[in-house]
Each structure stands twice: as C-alpha cells, then as structure tokens.
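To start, the structure under review is shown below, and the notes come after it.
Computed from a predicted structure; not experimentally measured. All heavy atoms count here, side chains included; hydrogens, waters and symmetry mates do not. Lettering follows sequence order; numbering is per chain, from 1.
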Amino acid sequence: MREFICINCPLGCNLKVDDSDLSNIKVTGNTCKRGEKYGIDEVLNPKRMVTSSVKVINGKENVVSVKTKEAIPKALIFESLKLLKNLVLSAPVKIGDIVIKNILDTGVDFIATRNVDKE
Amino acid sequence: MEKHNLVIVGGGPAGLAAAISAYDMGETDIIILERESKLGGILNQCIHNGFGLHTFNEELTGPEYAQRFIDEVNKRNIKYLLDTTVINITNDKHIKALSTSGLYNIEAKAIILSCGCRERPRGAINIAGSRASGIYSAGTAQKLVNIDGYMPGKEVVILGSGDIGLIMARRMIFEGAKVKAVIELMPYSSGLNRNIVQCLNDFNIPLLFSHTVIDIKGKNRVESVVIAEVDEKLNPKLETKQEIKCDTLLLSVGLLPENELARGADVNLSRITRGAIVDDNLMTNIEGIFECGNVLHVHDLVDYVCEEAKEAGIKAYEYINNKDINNYSKTEIICENGVRYTVPELIIKNNDNIPLTLKLRVGNVYKKVKLEVKCDDEIIYSRLRPVVAPGEMEKLDLKPDQVLKLRNANTIKVYLRSIEE
C-alpha cells in the first residue's frame with residue numbers, strides 16, 4: 001500500500017494505492033476518475049505537466065508562457081526544459097501554437113499559453 | 001462627469017466574471033477600470049497549470065484561464081479602460097481615476113470592488129538584518145521571471161510556504177537556480193498539498209516547519225540568511241540557529257486584501273479578513289458598493305473567485321434595478337471554536353432569496369471535527385471533516401430549508417466540534 005497526494009487539482013485528495021498486484025492496482029481516497037488514473041500512473045510511470053516560458057522577439061512582451069499539452073514522464077522534466085532554453089519565437093504568438101513538437105519522442109507538444117501581439 | 005450604471009474596479013478574474021454576469025442579466029452600461037496595461041490580473045503571471053478544473057472541466061494555465069474571460073468580455077463589447085488607476089471612491093459612489101489620457105470623474109449607480117490583494121512585505125514581518133538587494137516578495141519574483149523574463153537570483157531561500165512561494169520554488173529550479181530551503185514559521189503549510197508534492201518533494205527541496213529567518217546578511221547583495229527553529233509561542237530558539245548561503249530571499253508570507261479604496265468610501269472592514277464586511281448579497285454597509293474575489297477575502301481557487309464574482313454581478317444588477325435590496329435587517333454570524341471567519345458575515349433576515357453558500361476558514365489544523373451551523377438552539381448543518389486546515393477554504397452549500405432557518409434565526413453560530421467529545 002502506498003500513499004500519495006493527488007496533484008490533478010487543488011483539492012489534493014489523499015490517495016491510498018494498493019500496488020500488491022501491479023496488473024490490478026486499486027486506488028481509494030480519490031474523488032474523481034482523474035485521481036484513480038493519477039494513483040495508477042504514480043506507481044507505474046509518474047508524469048508531470050511542465051510549464052515554463054520562452055523568449056519572444058518583436059512582441060509586446062519579452063516572453064511567452066508555454067506548457068506541455070499533456071503530462072510527460074517525470075524523469076524527462078529537465079531534459080524537456082533544455083529544449084526551451086535557447087529557443088526564440090517571433091511575435092505574434094497565439095494560445096495553442098505549437099512551440100516544440102513531440103518533446104523527446106513522448107508524442108506530447110509544448111504549446112503557447114499566452115497571446116503575444118506584435119509590437 | 002461621466003455616468004455609468006456599474007463601475008467595476010479591477011479587471012482580474014473577479015472583475016471580468018462580475019462584468020460578464022451583470023451583462024448577462026441585462027446590464028449593458030458597465031465599465032471596468034484596470035490599472036495594468038492588460039486585463040487578466042494576477043493570472044497573467046501565474047503560468048503554471050491547475051486553473052479552471054471546476055469551471056471549464058480542464059486544467060488551464062493562468063494566462064489561458066484569463067483569456068477565456070477576456071474573450072467573453074470582448075464578445076459582449078463590455079467597455080474597459082486599461083492603464084487606469086482608481087485613486088478615490090466616495091460613499092456616494094463618485095470615482096476618481098487617473099489614466100494616461102487624464103483624470104476621469106465617474107458617477108456610478110453601483111460599484112463592484114474587485115481589486116484583489118497584495119503580498120505582505122518584509123516590513124510586515126519585521127525580519128532583522130541588512131537591507132541588501134536580493135529580497136523579493138514571491139509574487140514580484142514571479143512577475144520578473146514570467147512576464148519580464150529576468151531571473152532575480154541564483155541561490156534562493158524561500159520564507160513562507162504559501163502557494164506562490166511553493167510555485168516559485170519550482171519555477172526558479174526550472175530556470176536553473178538552486179532552491180536551498182523553504183522555511184515555514186508554522187508547524188503546517190498554508191499552501192495546497194498538491195503544490196508541496198509537485199513543487200518541493202519532486203525536486204527534493206527541504207521544507208522546514210516551525211522555523212523562521214532571524215537575520216539577513218550581506219552588504220550590497222544578500223550573502224546568507226540565518227534561520228532558527230521556533231518554540232510554541234513562535235519565538236526563535238537561538239541555540240538552533242544555522243546560516244544558509246544564498247543570494248536571494250523570497251517572501252511568501254501571506255496576502256492582504258487591498259482595501260484602501262473601500263476604506264475611503266467608509267466601507268466597514270473585517271479585522272480578520274481585512275476585506276469588507278458583506279451581507280449575502282455581497283453588498284457592503286455602503287449601499288450599492290459590492291466586493292468580490294480576493295479583495296473580499298483571500299481565496300484558494302480562482303474558480304471560487306469567479307463564482308463569487310458572478311454572484312456579485314447579479315446582485316449589482318438587481319440593486320441597480322430595484323433599489324431596496326439593502327433595506328432588510330441582518331443577523332451577524334458568530335464564529336466560534338476554531339472558525340476564524342465566514343463570508344458573508346451578515347445574513348439578511350426573512351428574505352426569500354434561497355441560494356446561499358457560506359465560505360469559511362479555520363484557524364489551525366484540526367482532525368476529526370464536525371463543522372456545524374447553529375441557528376438559535378438548532379443545529380441546522382453538521383458535516384464530518386477528517387481534516388480541516390487554514391490553507392483550505394471550506395464551502396458550505398446550504399439547502400433551501402437550511403437557508404430558510406438561517407434567515408429566520410436571531411443568533412447564528414458557526415463552529416467546529418471535536419467528535420471525541
């Protein structure tokens with residue numbers, strides 16, 4: 001039995017995960033389906049959303065915020081951030097624009113989360 | 001003198017949600033006054049995800065969440081002024097605002113104050129030590145990194161485990177800084193559990209409870225901070241002191257509703273929340289002045305802010321169209337035994353208005369308690385809570401029969417009862 005705090009939403013449910021049988025993991029303490037999935041993932045393959053920012057030129061703002069469209073394996077967080085480090089985008093940028101496609105072969109993209117208009 | 005039916009002060013999530021709901025009720029003469037150069041308020045710098053699960057059924061970042069509301073405001077052609085700071089409001093609802101194009105004098109039929117809160121600064125907690133550079137409130141650091149694109153430092157200690165502090169711990173690490181420790185005065189965190197997990201535990205950042213910063217060293221730039229454990233009375237135990245080398249100290253030591261404008265308009269403020277004392281229409285003691293969002297009391301979730309603001313928009317509309325909504329007598333809710341405050345604090349008597357949600361915060365971490373509401377001698381609401389904590393707002397959605405009892409009561413008490421009793 002392992003205990004986790006669900007991070008899917010600010011409720012932060014206290015999960016109890018019975019992982020004695022990895023093919024039939026049982027989650028209790030969750031209040032929604034996402035909690036169940038989180039409990040199972042946390043045992044088998046912990047994942048996290050990654051949010052950061054990227055430099056923008058010719059825009060009304062200096063940086064644009066970005067996120068992974070879905071959670072990526074926790075172990076890849078820092079490597080995924082390295083991809084953003086020297087990236088420079090040119091305004092305009094729109095919410096949902098793909099900033100980096102298929103991060104480290106995860107099938108997940110970095111997308112913009114803010115509109116940055118042209119200066 | 002410009003005249004508007006509804007003036008909304010602050011174009012963050014609360015102001016936007018209030019404007020949208022008032023408009024949807026039928027009010028078209030609305031103006032939002034925003035001091036920043038874009039709408040969205042603090043959400044613009046909260047680039048982390050986790051917003052909107054309740055409202056949109058998906059997990060958004062702050063700027064995305066804000067944009068949804070901004071789009072709705074634009075769809076309705078609701079007017080707003082940017083770079084416009086309200087400098088004074090009178091109790092007869094005259095508003096003075098400064099903008100890049102000059103001074104505005106506006107007369108309003110109703111005002112919604114949705115101006116949010118600000119961070120407690122170093123001066124509010126009296127940390128001894130040098131006045132070197134490198135000391136920031138967590139929110140200031142957040143703005144520098146996420147909006148302006150500058151790093152405030154490389155080796156960071158964070159005082160206070162509020163959500164902004166926790167989020168900034170991870171953010172600084174993502175941008176290449178080292179976060180040496182998060183220091184928390186209390187034996188518990190006021191931040192959300194999920195943030196402790198995904199912002200500290202994931203990166204092995206130590207969280208020291210019952211500790212505080214007792215000295216800041218460094219001449220021009222912070223060079224180290226001295227921390228010590230505190231006793232039950234929160235006094236530092238000097239024999240436990242240790243020095244941590246760092247160049248940056250971030251303070252995440254609480255938020256204060258920004259109520260200078262309200263005070264100037266003779267609005268009665270709560271000594272606990274530092275927000276206005278409102279009735280269940282979210283109206284203050286000054287007829288036609290409403291408050292919602294973090295200026296009223298600090299919320300955990302923007303979804304709750306918007307829910308409250310939506311209500312304020314509806315009530316402001318009703319007030320504009322039916323002036324007598326303040327002419328009822330009201331019962332003050334008494335908070336006892338662990339309950340610090342409720343919002344609303346005043347319940348309008350014998351009103352047939354049914355939907356009512358009581359929001360409250362407790363003063364400490366309590367386990368296995370019942371959260372109860374007592375009207376005169378009858379307990380009308382009782383709910384078992386395995387754990388309650390100051391960091392998590394409790395919401396009591398009362399049923400119609402319970403609301404009726406609340407409105408007929410002469411005394412209303414809200415309290416925690418230990419179930420071991």
Are more than 12 heavy atoms, taken from residues, nucleotides or ligands other than B:K38, located less than 6.0 Å from that residue's NZ atom?
yes
Can you tell me if A:R114 uses its side chain to pair, donor with acceptor, with the backbone of B:N44 under 3.5 Å?
yes
Cut-off 4.5 Å, heavy atoms of chain A, and the answer for B:I196 is neither
Taken to the nearest 0.5 Å, the spacing of A:I7 CD1 from B:N195 CG works out to 9.0 Å
- For atom NZ of A:K55, decide whether the heavy atoms of other residues, nucleotides or ligands shown that lie under 6.0 angstrom number more than 12. no
Cut-off 4.5 Å, heavy atoms of chain A, and the answer for B:V145 is backbone
Minimal heavy-atom distance between A:K67 and B:L60, with the atoms involved, is NZ-CA, 4.4 Å
Among residues 80-98 of chain A, residues within the sub-4.5 Å heavy-atom range of chain B, in order of number, are A:L81, A:I95
Closest non-hydrogen contact found for B:N193 with A:I5 is CB-CG2, 3.5 Å
Is atom NZ of A:K26 surrounded by more than 12 heavy atoms (other residues, nucleotides or ligands) closer than 6.0 Å? no
Original post:
Please walk me through it: do A:E70 and B:E59 pass side chain to side chain contact (heavy atoms under 4.5 Å, CB included)?
Top reply: CA-CA 10 Å; A:E70 288 158 40; B:E59 204 173 346; over 6 Å; no
* Asked: Does NZ in B:K180 sit with more than 12 non-hydrogen atoms of other residues, nucleotides or ligands closer than 6.0 Å?
  -> yes
Bottom line for A:F78: the part with an atom under 4.5 Å from chain B's heavy atoms is side chain
(request) Can you establish whether the number of heavy atoms outside B:Y150 located under 6.0 Å from its atom OH is more than 12? (result) no
Q) Side chains of A:S52 and B:E175: closer than 4.5 Å at any heavy-atom pair? A) yes
Applying a strict 4.5 Å limit to non-hydrogen atoms, the region of A:K74 in contact with chain B is side chain
Nearest heavy-atom approach of A:R48 to B:V197 is NH2-CG1, 4.3 Å
Among A:C6, A:S53, A:C13, the residue with the most heavy-atom pairs under 4.5 Å to chain B is A:S53
Nearest heavy-atom contact between A:T51 and B:H48 is OG1-CA, 3.5 Å
* Asked: Just wondering, more than 12 heavy atoms not from B:R35 lying within 6.0 Å of its CZ?
  -> no
Turns out that what part of B:D163 lies under 4.5 Å from chain A's heavy atoms comes down to neither
Smallest heavy-atom separation, A:N62 atom then B:D148 atom, equals ND2-O, 3.0 Å
